[in-house]
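Written out below as structure tokens is the structure these notes cover.
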There are 2 protein chains.
Amino acid sequence: MDKSDFDLRDFMPYLLNMAAEEASLEFQQYYKGRYGMLRTEWRVLFHLGRYGEMTAKTICDRARIHKTKVSRAVSALEQKRFLSRKEVEEDRRHELLRLTNNGVSAYNDISAKAKEFDEKLVRPFSVEEQSILRQCLIKLANL
Amino acid sequence: MDKSDFDLRDFMPYLLNMAAEEASLEFQQYYKGRYGMLRTEWRVLFHLGRYGEMTAKTICDRARIHKTKVSRAVSALEQKRFLSRKEVEEDRRHELLRLTNNGVSAYNDISAKAKEFDEKLVRPFSVEEQSILRQCLIKLANL
DNA sequence: CGTTGTTAGTTACAAAACCAACCATTATTT
DNA sequence: AAATAATGGTTGGTTTTGTAACTAACAACG
């Protein structure tokens, strides 16, 4: 097997990582600079803003984030007054998380920017390319 | 602007990150488990194995890795006897890095696995899809 | 009941990434 | 040639992440 024709540009994991990094950078700077949020915090915020109140465990499962990361993100978001916790009567192990008004407006702002940003990212591609790209990524990500 | 139709699955940076994570996982376990390497170390090893001896700075530029990360990866690879350094006479700020025999055989092994692994990853896609996917990623990554 | 097992969530400690300041060496300016 | 800047590379301290062990609450089984 000849390796001299095997370049990093041919290696999917590398390409995906580089593209992901590049694509995330600018957007990341937005929510970090404006709200001091980390990526996990933004994802948690997004889930609550987009799908309504839910428990931390549900976020873990849906977003495939480890529970310790979610736990810390929730604490951080709580401290920044973006969400509040409510114990569930029937099962006191659960805590329902919901966004505060503050959280909602941050969500609205950031997700609008996200949409904008997404459009900008895929603008160079044809509609067909966009569709194929998304489908491939969804399959690769096991979504 | 309505956000209720904007899902994470529609957001490129998210998709890219999830796909990248998923795609990297298995391969990462290979070189980590077998050689105790970190990702940056594998990338440095790859550059030296694929393109021959070069300086740390060159690796930084070509692989877009910050110099502190490269510096530490080089130290680690040196300790594991995968590479050696050679001072450059004309400019003693530079150090040429080259793989040891040990390093070369690790490179051969891992890059063969990488090729294999890449093929497995894209197998579910048609040739045309593969080509579009790669081109889009290369463009997104600014490569 | 009471023991054992699960589940949701937190905490503590180690590994890794990030950022800034730092040498040492070479270039440039005056 | 002295002073200043720029370059290649390293080091130290802080943040983030990862991993494992830990509570607390509930479930299931004898």
Side-chain angles (χ1 to χ4, degrees), chain A residues 17-18 20-22 24-26 28-29 31-33 35-45 47-48 53-80 83-98, chain B residues 17-18 20-22 24-26 28-29 31-33 35-45 47-48 53-80 83-98:
Chain A
N17 272 302
M18 295 299 268
E21 225 166 273
E22 193 67 28
S24 303
L25 190 65
E26 191 182 333
Q28 193 168 355
Q29 284 171 342
Y31 58 71
K32 186 168 192 171
Y35 299 98
M37 274 187 212
L38 263 30
R39 202 163 51 134
T40 308
E41 293 169 42
W42 147 243
R43 286 198 188 167
V44 168
L45 185 89
H47 274 265
L48 294 171
E53 68 178 20
M54 62 179 81
T55 141
K57 178 60 162 68
T58 309
I59 299 180
C60 291
D61 294 342
R62 298 180 53 143
R64 299 221 204 115
I65 311 176
H66 195 272
K67 57 183 182 172
T68 63
K69 266 170 105 174
V70 169
S71 170
R72 292 194 258 244
V74 166
S75 300
L77 288 171
E78 192 186 24
Q79 277 210 318
K80 289 168 200 151
L83 65 74
S84 64
R85 316 182 191 223
K86 190 179 64 186
E87 278 203 348
V88 176
E89 315 277 317
E90 306 90 58
D91 188 339
R92 253 166 304 165
R93 288 171 303 181
H94 294 79
E95 286 180 319
L96 272 180
L97 306 171
R98 68 183 324 167
Chain B
N17 272 300
M18 294 299 269
E21 224 167 272
E22 192 67 27
S24 303
L25 190 64
E26 189 182 335
Q28 193 167 356
Q29 284 171 344
Y31 59 71
K32 186 168 192 172
Y35 299 98
M37 273 186 213
L38 263 30
R39 203 165 49 138
T40 308
E41 292 170 42
W42 148 242
R43 286 199 188 166
V44 168
L45 185 89
H47 275 263
L48 295 171
E53 68 177 22
M54 61 180 78
T55 144
K57 178 61 162 63
T58 309
I59 299 180
C60 291
D61 294 341
R62 299 180 52 141
R64 299 218 204 118
I65 312 176
H66 194 271
K67 56 184 184 172
T68 63
K69 268 169 102 175
V70 169
S71 171
R72 281 170 171 134
V74 167
S75 300
L77 287 171
E78 191 186 25
Q79 277 212 317
K80 289 170 198 149
L83 64 75
S84 65
R85 316 181 190 225
K86 192 178 62 186
E87 276 201 348
V88 177
E89 314 278 317
E90 306 90 60
D91 187 339
R92 253 167 303 166
R93 287 171 302 181
H94 294 77
E95 287 179 319
L96 273 179
L97 307 171
R98 69 183 323 169

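First the proteins, then the strands, lettered A, B, ... as listed; each starts at 1.
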When rounded to the nearest 0.5 angstrom, what distance separates CZ in Arg98(B) from NZ in Lys86(B)? 5.5 Å

Rounded distance in Å - CD (Glu89(B)) to C1' (dT26(C)): 15 Å

Compare side-chain N and O positions of Thr68(A) against OP1 and OP2 of dT11(C) and report whether any pair is under 4.0 Å apart. no

Show your reasoning for whether salt bridge (charged side-chain N to carboxylate O under 4.0 Å, His left out) applies to Glu41(A) and Lys80(A). CA-CA 11 Å; Glu41(A) 293 169 42; Lys80(A) 289 168 200 151; 2.4 Å; yes

Taken to the nearest whole Å, NZ/Lys86(A) to C1'/dG9(C) is 18 Å

Contact between His47(B) and Val70(B) at the side-chain level, heavy atoms closer than 4.5 Å - yes or no? no

Distance, rounded to the nearest Å, where Gln29(A) contributes CD and dC18(C) contributes C1': 14 Å

Touch class at under 4.0 angstrom, heavy-atom based, for Ser75(B) against every strand present: nothing

Go nucleotide by nucleotide along DNA chain D from the 5' end; which of Leu38(A) and Val88(A) gets its closest nucleotide reached first? Leu38(A)

More 5' along DNA chain C: Thr55(A) or Lys32(A), using each one's nearest nucleotide? Thr55(A)

Which value, rounded to the nearest 0.5 Å, describes the distance between Arg43(A) atom CZ and Met37(A) atom CE? 14.0 Å

Separation of dA17(C) P from Arg43(B) CZ (nearest whole Å): 11 Å

So Glu90(A), base contact, sugar-phosphate only, or nothing? Heavy-atom distance under 4.0 Å. sugar-phosphate

Taking CZ from Arg72(A) and P from dA12(C), how many angstroms apart are they, rounded to a whole number? 11 Å

Would you kindly give the CD-to-P distance between Glu95(B) and dC23(C), to the nearest whole Å? 19 Å

What's Arg39(B) touching, base or sugar-phosphate or nothing? Going by heavy atoms closer than 4.0 Å. nothing

Can a donor-acceptor pair under 3.5 Å be found between the side-chain atoms of Arg93(A) and the base atoms of dT7(C)? yes

Grab the CD-C1' distance between Glu87(A) and dT10(C) for me, whole Å please. 14 Å

What's the spacing between Glu95(B) CD and Thr55(B) OG1 if we round to 0.5 Å? 8.0 Å

Using the heavy-atom set of chain A and a strict 4.0 Å cut-off, write down the first and last nucleotide of DNA chain D that makes it in, 5' to 3'. dT16(D) to dC26(D)

Look at the side-chain N and O atoms of Lys57(A) and state whether any lies under 4.0 Å from the OP1 or OP2 oxygen of dG9(C). no

Any side-chain heavy atom of Trp42(A) sitting closer than 4.5 Å to one from Lys32(A)? no

What I'd like to find out is whether the side chain of Leu48(A) reaches to under 4.5 Å of the side chain of Leu77(A), using heavy atoms alone. no

Can you check whether Ser71(A) has a side-chain N or O nearer than 4.0 Å to OP1 or OP2 of dT10(C)? yes

Between dC19(C) atom P and Lys69(B) atom NZ, what is the distance in whole Å? 10 Å

